[in-house]
Enquirer: 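There's a structure below that I have some questions on.
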Amino acid sequence: MSEELLVNVTPRETRVAVVENGMLQELHIERGSQRGVVGNIYKGKVQRVMPGMQAAFVDIGLDRAAFLHASDLYRAPPLEAAEGGDVAPIAHPPITESLRDGAEVIVQVVKDPIGSKGARLTTQISIPSRYLVLLPRSKVIGVSARIEDEEERARLKEQVGELARGSGHGYIVRTNAEGQPAEALAEDVAYLGRVWELVERTAAEAGVGSRVYEDLSLPLRAVRDLIRRDVEKVRVDSNETCQRLREFASRYMPALADKIEHYSGSRPIFDLYGVEDEIQRALDKEVPLKSGGYLVIDQTEAMTTVDVNTGSFLGQRNLEETVFRTNLEAAQAVARQLRLRNLGGIIIIDFIDMQDVEHRRQVLRTLEKSLVKDHAKTTVYDFSPLGLVEMTRKRTVESLERRLCEPCHECGGRGMVRTGETVTYEIFREIVRAVRQFEAARLLVIASPKVVARITEDESNAVAELEEFLGKTIRFQSDAQYLQEQFDVVLL
């Protein structure tokens, strides 16, 4: 399998694409005006504690107050316990015992503001490095579940445990640490120790609403989190950014630094790999399948639904076999689309009905297998009695569609507009309403060209009857600036 990272840098926007076998799999975007805040640490002030919700709103200096739930509160163990053995689990007390209005608290953002919701916070601070994640004042030593070799898991846990002894901190070993020597892990432990010392000093001096730690910029995060041994190249179209990435890699991952190269071609790097076209297709509701079938993806506030259709695929044998082949292809396509579009939360997949239990099992297995490479945590459930597959995917930032698009100004985000006929009758009702409320000899109706054309051509008899009924003259004027649902009734 061939995998490359493409980094496209412009003055106000940076984009990172993950391309596998020539096909776009992930897209990460960071804009100067809309930089994400996930991973940042702030000194916040509790605005309001809500016992009924076991949560609190915290001011961290953003436009909207952030949300902190009781389950995300961190209660540091006593100093003796931190220096000694394991600490027994502590049951969560009521939030009013841990927080009060006006209290200052150090928090970290775990989810960007999404839609009308503020950022989601935690007091369980974690700071990632290349191979480890620091858990301040914790005794946990964990290993990523994606490292499957038991001997390697035991080695990493033992080595990190030795390095963490006496520090009072815990660590999680990341997937990238697999096969790394003890020296590399020790460098990460030392680096994270320096970072935490700086965070503590900054937090002690900072004012409320101040940021005390900021995660790396997108290109550096991409190198830290996405570059692996199976990544062939990291191609960057900015020489300055390329040099910065090489310096970062040389310091923290020297074995991979040679994979970073500057792209100096005249053709835009995303055009060269067909990424721009893939981005445009990722904003469409329909996703064509090679077999002739297609997916229909609908993202709503509550959940995302995916409908699978056979389309023009007729198959070779019988209906059950045709449906099975379409669903197998759809399962792989769904996994890629979730990752590419960064869709999260509750996801409902409506596969085409299958009678064969073994076919259902294989489709579900294909979906789970295709989701293995997804960096976001996913949970897939079995087929429901209605033949639907329910799953969840952890969401920390806005989806691709909501990063790049906004609700339609014509339909208000409904995806539908009122027909010309509906608008016509609304205009007639507004005319009657206006005449009954105000005195006027004549009326002028301004509307979109399509609506005016329909009224003057198809509804001319109705207009004549209305003029006779009201005893008023009604004139119509089209304006190309008016959307189909917009109109004004002017009294003259």
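By convention here, the first residue in the shown sequence is residue 1. Everything numeric here is computed off the predicted structure, so don't read it as measured data. Note that these values count all heavy atoms, side chains included, but never hydrogens, waters or copies made by symmetry.
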Enquirer: Between Arg393, Glu26, Arg403, which is the residue that forms a side chain to side chain donor-acceptor pair (under 3.5 Å) with Asn342?
Expert: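 Of all the options given, the one that passes is Arg393.
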Enquirer: Between Asp101 and Lys45, does any NZ, NE, NH1 or NH2 come within less than 4.0 Å of an OD or OE carboxylate oxygen?
Expert: no
Enquirer: Pair Arg211, Glu214 - check salt bridge (Lys or Arg N to Asp or Glu O under 4.0 Å), show working.
Expert: CA-CA 7 Å; Arg211 183 178 61 225; Glu214 183 175 22; 3.5 Å; yes
Enquirer: Should Arg365 and Glu368 be marked as a salt bridge (Lys or Arg N to Asp or Glu O under 4.0 Å) after you check the CA-CA gap, both sets of side-chain angles, and the distance that decides it?
Expert: CA-CA 5 Å; Arg365 186 179 174 190; Glu368 292 170 339; over 6 Å; no
Enquirer: Hey, could you give me the CG/CG distance between Asp237 and Leu272, rounded to the nearest 0.5 Å?
Expert: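 With rounding to 0.5 Å, CG (Asp237) is 11.0 Å from CG (Leu272).
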Enquirer: So does Lys373 pair up with Glu3, basic N to acidic O under 4.0 Å?
Expert: yes
Enquirer: Please evaluate residues Glu4 and Lys233 with respect to the criterion salt bridge (Lys or Arg N to Asp or Glu O under 4.0 Å), reporting the C-alpha separation (whole Å), side-chain torsions for both, the decisive distance (0.1 Å), and the verdict.
Expert: CA-CA 5 Å; Glu4 294 180 75; Lys233 291 288 181 185; over 6 Å; no
Enquirer: Drop me the distance from Glu150's CD to Arg155's CZ, to the nearest 0.5 angstrom.
Expert: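 It comes to 14.0 Å.
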Enquirer: Distance-only, no hydrogens or angles: does the Arg339 side chain make a donor-acceptor pair with backbone N or O of His375 under 3.5 Å?
Expert: no
Enquirer: When rounded to the nearest 0.5 angstrom, what distance separates CD1 in Ile347 from CZ in Arg395?
Expert: 9.0 Å
Enquirer: How many angstroms lie between CG in Leu163 and CD in Gln159, if you round to the nearest 0.5 Å?
Expert: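 Spacing of CG (Leu163) from CD (Gln159) equals 7.5 Å.
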Enquirer: Take Ile348 and Val389, measure what side-chain contact (heavy atoms from CB on, under 4.5 Å) needs, and give me the verdict at the end.
Expert: CA-CA 6 Å; Ile348 307 294; Val389 171; over 6 Å; no
Enquirer: How far does CG of Leu245 sit from OG of Ser217, to the nearest 0.5 angstrom?
Expert: 7.5 Å
Enquirer: With salt bridge (Lys or Arg N to Asp or Glu O under 4.0 Å) as the test, would you mind laying out the steps for Arg244 and Glu247 before giving the verdict?
Expert: CA-CA 5 Å; Arg244 197 159 68 245; Glu247 292 170 6; over 6 Å; no
Enquirer: Flag this pair as yes if the NZ/CZ of Arg120 is under 6.0 angstrom from the six-membered ring centre of Phe67 and inside a 45 degree cone about the axis; otherwise no.
Expert: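 No; the conditions do not both hold, so Arg120 does not lie above the ring face of Phe67.
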Enquirer: Go through Ile349 and Leu388 one step at a time and tell me if the side-chain contact (heavy atoms from CB on, under 4.5 Å) criterion holds.
Expert: CA-CA 6 Å; Ile349 308 169; Leu388 305 174; over 6 Å; no
Enquirer: Could you measure the distance from the CD1 atom of Ile41 to the CD atom of Gln108? Nearest 0.5 Å is fine.
Expert: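 CD of Gln108 is found 4.5 Å from CD1 of Ile41.
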Enquirer: If I compare all heavy atoms of Arg174 with all of Ile147, which pair ends up nearest, and what's the gap?
Expert: O-CD1, 3.6 Å
Enquirer: Using the side-chain contact (heavy atoms from CB on, under 4.5 Å) criterion, which residues pair with Val287? Sequence neighbours excluded.
Expert: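 Only Leu295, Ile297, Gln337, Arg341 meet the side-chain contact (heavy atoms from CB on, under 4.5 Å) criterion with Val287.
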Enquirer: State whether Glu232 and Lys259 are salt-bridged, where the test is any N-O pair (Lys NZ or Arg NE/NH1/NH2 against Asp/Glu carboxylate O) under 4.0 Å.
Expert: no
Enquirer: Do you know the tightest heavy-atom contact between Ala331 and Thr366?
Expert: CB-CG2, 4.0 Å
Enquirer: Specify the closest pair of heavy atoms between Arg130 and Asp225, including all atoms of both residues, with the distance to one decimal.
Expert: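 Scanning both residues completely, I find the closest heavy atoms to be NH1-N, 4.4 Å.
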Enquirer: Locate the shortest heavy-atom distance separating Ala282 from Leu400; write the atom from each residue and the value.
Expert: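 For Ala282 and Leu400, the tightest heavy-atom pair comes out as CB-CD2, 3.8 Å.
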Enquirer: Looking at Arg281 and Glu276, is there a salt bridge between them, counting it only when a charged N and a carboxylate O are closer than 4.0 Å?
Expert: no
Enquirer: Donor-acceptor pair, Glu13 side chain versus Asn8 backbone, under 3.5 Å?
Expert: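 No, because the side chain of Glu13 does not come within donor-acceptor range (under 3.5 Å) of the backbone of Asn8.
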Enquirer: Looking at Thr122 and Asp72, would you say the former's side chain and the latter's main chain have a donor-acceptor pair under 3.5 Å?
Expert: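 Checking the backbone N and O of Asp72 against the side chain of Thr122, a donor-acceptor pair under 3.5 Å is found.
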Enquirer: Given 3.5 Å as the limit, does a donor-acceptor pair link the side chain of Lys43 with the main chain of Ala203, or not?
Expert: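 Yes, the answer is positive, given that a donor and an acceptor are paired below the 3.5 Å cut-off.
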Enquirer: Please name all residues satisfying ring pair (Phe, Tyr, Trp, His ring centres under 6.0 Å) with Tyr191, sequence neighbours left out, ordered by chain then number.
Expert: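 Counting only residues at least two positions away or on another chain, Tyr191 forms a ring pair (Phe, Tyr, Trp, His ring centres under 6.0 Å) with Tyr252.
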Enquirer: Kindly give the heavy-atom pair with the smallest separation between Ala17 and Phe270, and that separation in Å.
Expert: CB-CZ, 3.8 Å
Enquirer: For residues 58-70, which residue pairs pass the salt bridge (Lys or Arg N to Asp or Glu O under 4.0 Å) check, not counting sequence neighbours?
Expert: none
Enquirer: Can you tell me if Glu30 uses its side chain to pair, donor with acceptor, with the backbone of Leu218 under 3.5 Å?
Expert: yes
Enquirer: Is Arg246 salt-bridged to Asp258, cutoff N-O under 4.0 Å?
Expert: no
Enquirer: Do the side-chain N and O atoms of Glu329 and Ser291 include a donor-acceptor pair separated by under 3.5 angstrom?
Expert: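 Indeed, the side chains of Glu329 and Ser291 share at least one donor-acceptor pair under 3.5 Å.
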Enquirer: Is there a side-chain hydrogen bond (donor to acceptor under 3.5 Å, both in side chains) between Gln180 and Tyr131? Walk through the geometry before answering.
Expert: CA-CA 9 Å; Gln180 294 300 319; Tyr131 304 121; 3.3 Å; yes
Enquirer: Indicate the atoms forming the closest heavy-atom contact of Phe351 with Ala330, along with that distance.
Expert: CE2-CB, 4.2 Å
